[in-house]
Amino acid sequence: MNYRTLGRTGWNISTVSFGAWAIGGSWGAVDEAEAMAALNRALDVGINFFDTADVYGDGRSERLIGELRRSRKEPFYVATKAGLRLDPQTVDGFTRENLSAFVDRSLQNLGVDAIDLLQLHSPPTDVYYRPEVFGALEDLVRAGKVRFCGVSVNRVEEGLKAIEYPIIQSVQIVYNIFRQRPAELFLPEAKRRGVGVLARLPLSSGMLTGKLHKDTRFADNDHRTYNRKGEAFDRGETFSGVDYDVALEAVQQLAPLVPAPATMAQWALRWILMNEAITCVIPGGRRPAQIEENVGAAELAPLAPEVMAAVREIYDVRIKPLVHARW
Ligand SMILES: NC(=O)c1ccc[n+]([C@@H]2O[C@H](COP(=O)([O-])OP(=O)(O)OC[C@H]3O[C@@H](n4cnc5c(N)ncnc54)[C@H](OP(=O)(O)O)[C@@H]3O)[C@@H](O)[C@H]2O)c1
């Protein structure tokens with residue numbers, strides 16, 4: 001495993017970390033025993049950073065990580081999120097009182113006295129123009145309930161605005177082979193300001209593993225069934241907002257670029273880590289075997305310039321027109 005420093009926190013976190021959405025819910029049935037096995041395996045292989053949220057399985061993901069904390073001695077960092085429990089999620093809902101109540105609930109779920117990293121969870125764009133929201137985050141740090149703060153953004157412009165606030169140590173954003181716009185302006189700017197970046201959907205919801213097919217079926221309660229067109233939440237959170245069949249064709253074109261014995265998942269994660277502004281990738285995992293495979297990405301050799309160019313060409317021709325101007 002390799003480690004990179006997260007923003008100005010002084011933490012060294014694993015370049016391949018753990019995305020804990022799927023062990024909460026929204027990806028079909030959750031097998032808690034298997035989820036615990038995946039979390040334990042992650043610690044075994046050197047992962048020391050877990051990304052969760054208070055809404056994942058309505059707190060189940062946080063509670064499972066709390067169980068990990070109680071049962072293992074190794075130190076690790078947990079980033080959680082607040083703001084999606086607001087229903088509806090309005091700008092005016094991001095008050096000091098609401099955020100404080102969400103944090104109290106997460107502290108209980110995680111079984112800790114302080115949250116390592118608290119991220120605003122995909123708030124509406126106008127939240128970034130409300131300095132008082134960031135003041136409320138400062139108060140939570142002063143109160144000792146939160147150590148560091150970050151944001152999880154949907155759009156590049158939100159990330160650019162968020163990093164103007166000194167309290168923000170990290171930005172979580174969709175960045176993968178099918179979502180390349182962050183590399184143009186946002187990633188260099190985050191690096192310049194010493195802000196860490198967590199790449200979410202690094203496998204584009206599993207599409208960049210190469211295992212999906214035209215006839216793949218997902219459970220009814222898997223967002224890959226019910227949110228393909230953004231019916232339940234931002235369309236960009238499911239397959240990065242790329243039409244399923246278009247993505248499958250692009251994956252077929254990418255496949256010959258993957259060097260044996262690497263798997264496409266490992267290679268797709270390594271592509272992200274080629275950018276030095278990225279602190280870590282947080283692939284979603286719920287089975288120990290997936291965790292083992294994904295950590296292999298940290299050890300892969302860098303991608304050659306001509307391979308990087310070929311990936312860019314596939315993106316430019318097939319994917320860019322669908323996503324580039326939108327997120
Ligand atoms: N708004 C937000 O803040 C937000 C939104 C989305 C995600 N996130 C965070 O980002 C993390 C990652 O994003 P994501 O989970 O949506 O997408 P992802 O990491 O691109 O895809 C995860 C899915 O890919 C499959 N997978 C993972 N490793 C695999 C492997 N080695 N081989 C085959 N399949 C594999 C698994 O699904 P199956 O096994 O079911 O196929 C897994 O659930 C989340 O867990 C969450 O922590 C945050």
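Note that ligands are numbered from 1 as they come in the structure, with each ligand's atoms numbered from 1 the same way. Values reported hereafter were calculated over all heavy atoms of this structure, with side chains retained and with hydrogens, waters and symmetry mates removed.
At a threshold of 4.0 Å, the pair E158-K161 does not count as salt-bridged, since none of the basic side-chain nitrogens sits closer than that to a carboxylate oxygen. With salt bridges taken as basic N to acidic carboxylate O contacts below 4.0 Å, one links D44 and R72.
Screening V174, I173, V171, L187 against V156 for a side chain to side chain contact (heavy atoms under 4.5 Å, CB included) leaves a single residue, I173.
A distance limit of 4.0 angstrom between heavy atoms and ligand 1 selects the residues G19, A20, W21, A22, W27, D51, Y56, K81, H121, S122, S152, Q172, R200, L201, P202, L203, S204, S205, G206, T209, K211, R224, E237, I282, P283, G284, R286, R287, Q290, E293, N294.
The side-chain tip of R69 points at the ring of F76 from less than 6.0 angstrom away and within 45° of straight on. Relative to the ring axis of F94, R130 does not place its NZ or CZ within 45° and under 6.0 Å from the centre.
Legend: residues meeting side chain to side chain contact (heavy atoms under 4.5 Å, CB included) with E231, ordered by chain and number and at least two apart, are N227, K229.
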